[in-house]
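Comments concern the structure below.
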Amino acid sequence: MSTTKTKVQTTSRTDAEIARDVKRSLKADFEVPDDRIAVKVVEGFVTIEGIVTRDAQKDAAEVCAKQVQGVRGIANKIIVEPAESPIEA
């Protein structure tokens with residue numbers, strides 16, 4: 001019986017490519033204020049940092065990062081600081 005060997009080619013992505021695509025994903029999501037979020041990637045592990053006004057924005061940013069090919073893990077260091085309402089000011 002003969003054995004057939006199939007070489008599986010893995011596509012490795014650079015940190016720069018992953019960072020670029022995470023930023024694009026953040027920009028494409030209307031929920032995410034991408035101008036307030038910084039992205040850093042080291043060996044496929046993404047760190048997102050910044051300040052947003054709602055939990056939904058923080059969660060959406062993490063979902064955006066998770067969808068990018070090559071992401072091995074995410075550290076979501078985004079801080080939620082609710083905006084002051086005009087009544088409280």
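- Glu17 contributes atom CD, which lies 8.5 Å from atom OG of Ser12 (distance to the nearest 0.5 angstrom).
- Contact check for Ile18 versus Arg13: side-chain heavy atoms found under the 4.5 Å cut-off.
- Smallest separation of non-hydrogen atoms from Pro33 and Val52: CG-CG1, 3.6 Å.
- Across all non-hydrogen atoms, the minimal contact from Val71 to Ile74 is CG1-CG1, 3.8 Å.
- Residues Ala65 and Val46 share a closest heavy-atom pair of CB-CG1, 4.5 Å.
- Here the side chains of Thr53 and Arg36 are in contact, with some heavy-atom distance below 4.5 Å.
- Partners of Asp34 under the salt bridge (Lys or Arg N to Asp or Glu O under 4.0 Å) rule, at least two apart in sequence or in another chain, are Lys27.
- Remark: Glu31 pairs with Asp29, Arg54, Ala56, Gln57, Ala60 by the side-chain contact (heavy atoms from CB on, under 4.5 Å) rule, at least two apart or across chains.
- Remark: Val42 pairs with Lys40 by the side-chain contact (heavy atoms from CB on, under 4.5 Å) rule, at least two apart or across chains.
- Here Ile37 contributes atom CD1 and Cys64 contributes atom SG; the two are 8.0 Å apart, rounded to the nearest 0.5 Å.
- No donor-acceptor pair closer than 3.5 Å links the side chain of Glu62 to the backbone N or O of Asp59.
- Note that NZ of Lys77 and OG1 of Thr47 are 5.5 Å apart. Values are rounded to the nearest 0.5 Å.
- Under a 3.5 Å cut-off, the side chain of Lys58 and the backbone N or O of Ile78 do form a donor-acceptor pair.
- Put simply, CD on Glu43 and CG on Asp15 are 7.0 Å apart, with the number rounded to the nearest 0.5 Å.
- Hydrophobic clustering (side-chain heavy atoms under 4.5 Å, transitive across Ile, Leu, Val, Met, Phe, Trp, Tyr) groups Leu26 together with Val80.
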